[in-house]
Amino acid sequence: MTVERRRMQAELHLITKEMTEILEGIAEPATLIGLDYRILATNAAYRDIYGDDRPMEDRHCYEVSHGYQVPCDQAGESCPLKRCSESGKRQRMLHLHTTPAGEEHVDVEMQPVHSASGQLVCFLEVMHRVKEAKARPGEQEGMVGRSESFMRMLEMVHRAAPSDISVLLLGESGTGKELVAKALHDNSPRASKAFVTVECSGLSESLFESELFGHERGAFTGAVSRKRGLVEAARGGTLFLDEIGEIPLPQQVKLLRLIETGVYRAVGSVEPQHADVRLVCATHRDLKAMVERGEFRRDLYYRIAPFPIPLPTLKQRIDDLPLLIEVLLRRLPEGESVSINRAALKVLMRYDFPGNIRELRNILERGILLADQGVIGVDQLPPELLMEGEIKAEESGVLPASQSVIPLDTLEDNYLRQVAARFPGENRDLAALLGISERTLYRKLRRLKIGSG
């Protein structure tokens, strides 16, 4: 062993000893990781979540937190350690970690650790729990998902939630904008206060000010008593303006004044009141195009959109469909005792879902009522979902007596073994040709024990 090598090992040993004390002072799971991905030290919180009967030290981090046999970047995911090593700077990244309770979303913070001579010797990894969404079924309400597009959105939500910044949610109808807005509120410093939703599409010009700002008794015909406005009701909490693109131009200036000054007056009152709300807005419309057409105020747009978050359609997160179905069946009345069969799931995986998650919920509600045997099959799905002739033939299962039946899973496994053995390119290219995510391909290859995945 060279002198330089011995010196580096001595420095690493000293740093590990010093950092072990620091680790125990960190409330969240934390670990010290070597340049070769091996765990050098852990704190109690890390051992509580990821511990088993085996010692943690000297095992690879990706084995403990993911169950992988290779680093994350070789498994179709971004690796915070590799990015930290390449940049030399602290990295934060949303990951799915495997725990004894199942997969969980974790905000991984990776910090390089240098020796006294400035040499990079190891990494400090701290894992912040992500409370805004779950990666597995649960009884509680809230967002659920683990697809790549969902994770990108969740990372933005997780970054924005602790702040008081105004957020603009952009997505088609039925993508769960109110759920996202509620997650932003529930994980903010304002969580103990009210979350108030304003359905902007249902407010006429005459009702806008009264609903938002309230009115005094006698302010107009029919105002027989004082009414508290929604801005006042949301004081200290979050005001969610759903479908803000539907607000008429004359009323947009009044909303702009509220945002800019933080002051408003109830209809019929001369006394100014101070607003104390965190603003979250949502729309399915293209507000930038509306601004160019003069249908939406430019100054208002820039006030509500400092932190836009695009919401994926259900089609864009189709990998989440089985999980979403399981979760919705648990939450729908009478749905907990109902399941869905493989043929029906196959139909739904091919469907475009123009109504997104709201449409999926409607489909399942219908299926629950029709599932006399406790199973939603193709016959319990709306007829318009069926592909002409093809699915009906598959569901009938009628084949000539002489034809042997091979399970679909076996056919897929055999095909994947052949194509993986012959494909000359990278896994990401193969995944694109197969029409699945690189992560999904890796998991299938790992299950079949093909290569390193």
Side-chain angles (χ1 to χ4, degrees), residues 157 160-161 163-173 175 177-185 188 190 193-216 219-220 222-223 226-311:
V157 172
S163 166
D164 223 26
I165 192 171
S166 295
V167 175
L168 177 62
L169 305 177
L170 305 166
E172 293 181 4
S173 178
T175 49
K177 294 188 284 291
E178 187 165 358
L179 268 182
V180 176
K182 190 67 165 59
L184 286 165
H185 170 75
S188 75
R190 297 174 176 267
K193 301 296 183 179
F195 174 79
V196 177
T197 299
V198 182
E199 298 287 351
C200 298
S201 58
L203 291 180
S204 63
E205 289 191 35
S206 59
L207 283 177
F208 181 84
E209 282 187 272
S210 175
E211 289 294 315
L212 213 59
F213 307 137
H215 63 250
E216 296 296 329
F220 50 83
R226 181 185 182 274
K227 178 183 178 180
R228 188 171 69 146
L230 296 176
V231 174
E232 183 181 346
R235 180 164 291 147
T238 301
L239 186 68
F240 175 47
L241 301 181
D242 196 11
E243 295 304 344
I244 192 170
E246 307 300 322
I247 297 179
L249 273 170
Q251 310 309 315
Q252 290 178 22
V253 67
K254 296 170 183 176
L255 177 59
L256 176 65
R257 189 179 301 121
L258 169 71
I259 297 172
E260 288 183 333
T261 65
V263 175
Y264 67 97
R265 288 183 176 85
V267 179
S269 173
V270 295
E271 294 296 325
Q273 298 186 53
H274 291 275
D276 176 19
V277 297
R278 196 261 181 94
L279 190 66
V280 178
C281 302
T283 183
H284 73 282
R285 304 183 67 178
D286 186 344
L287 292 188
K288 286 185 177 180
M290 291 179 67
V291 167
E292 296 304 318
R293 295 194 301 266
E295 299 171 358
F296 198 87
R297 291 184 63 99
R298 188 180 299 273
D299 46 6
L300 177 58
Y301 173 76
Y302 287 115
R303 282 289 184 175
I304 65 174
F307 200 90
I309 301 180
L311 274 63

(message) If the threshold is 4.0 Å, N to carboxylate O, is there a salt bridge linking Arg190 and Asp276?
(response)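 Yes.
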(message) Suppose the criterion is salt bridge (Lys or Arg N to Asp or Glu O under 4.0 Å): which pairs have a residue in residues 299-309, not counting sequence neighbours?
(response)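 Applying salt bridge (Lys or Arg N to Asp or Glu O under 4.0 Å) to every pair that reaches into residues 299-309, excluding sequence neighbours, yields Glu260-Arg303, Arg297-Asp299.
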Can you measure from [atom1] ([X]) to [atom2] ([Y]) and round to the nearest 0.5 angstrom?
{"X": "Leu279", "Y": "Ile165", "atom1": "CG", "atom2": "CD1", "answer": "11.5 Å"}
{"X": "Tyr301", "Y": "Glu292", "atom1": "OH", "atom2": "CD", "answer": "10.5 Å"}
{"X": "Leu203", "Y": "Ser210", "atom1": "CG", "atom2": "OG", "answer": "9.5 Å"}
{"X": "Leu169", "Y": "Thr175", "atom1": "CG", "atom2": "OG1", "answer": "8.5 Å"}
{"X": "Leu170", "Y": "Leu311", "atom1": "CG", "atom2": "CG", "answer": "8.0 Å"}

So which heavy atom on [X] is nearest to which on [Y], and how close?
{"X": "Ser166", "Y": "Pro306", "result": "O-CG, 3.2 Å"}
{"X": "Ala266", "Y": "Gln273", "result": "CB-NE2, 4.1 Å"}
{"X": "Ala194", "Y": "Ala233", "result": "CB-O, 3.5 Å"}

(request) Could you pull out all residues at least two apart from Arg278 that satisfy salt bridge (Lys or Arg N to Asp or Glu O under 4.0 Å)? (result)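 Salt bridge (Lys or Arg N to Asp or Glu O under 4.0 Å) check on Arg278 returns nothing, list empty.
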With a 4.5 Å heavy-atom cut-off, do [X] and [Y] have their side chains touching?
{"X": "Val277", "Y": "Thr238", "result": "no"}
{"X": "Phe213", "Y": "Leu258", "result": "yes"}
{"X": "Lys193", "Y": "Arg235", "result": "no"}
{"X": "Val167", "Y": "Leu184", "result": "yes"}
{"X": "Tyr264", "Y": "Glu232", "result": "yes"}
{"X": "Ile304", "Y": "Leu287", "result": "yes"}
{"X": "Phe296", "Y": "Gln252", "result": "yes"}
{"X": "Val280", "Y": "His185", "result": "no"}

Give every donor-acceptor pair under 3.5 Å between a side-chain atom in residues 239-247 and any protein atom, sequence neighbours left out.
unit_1	atom_1	unit_2	atom_2	d
Glu243	OE1	His284	N	3.3
Glu243	OE1	His284	ND1	2.8
Glu243	OE2	His284	ND1	3.2

(message) Name the residue from Lys227, Arg265, Lys254 that meets the salt bridge (charged side-chain N to carboxylate O under 4.0 Å, His left out) definition with Glu209.
(response)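 That would be Lys254; it is the only one of Lys227, Arg265, Lys254 passing the salt bridge (charged side-chain N to carboxylate O under 4.0 Å, His left out) with Glu209.
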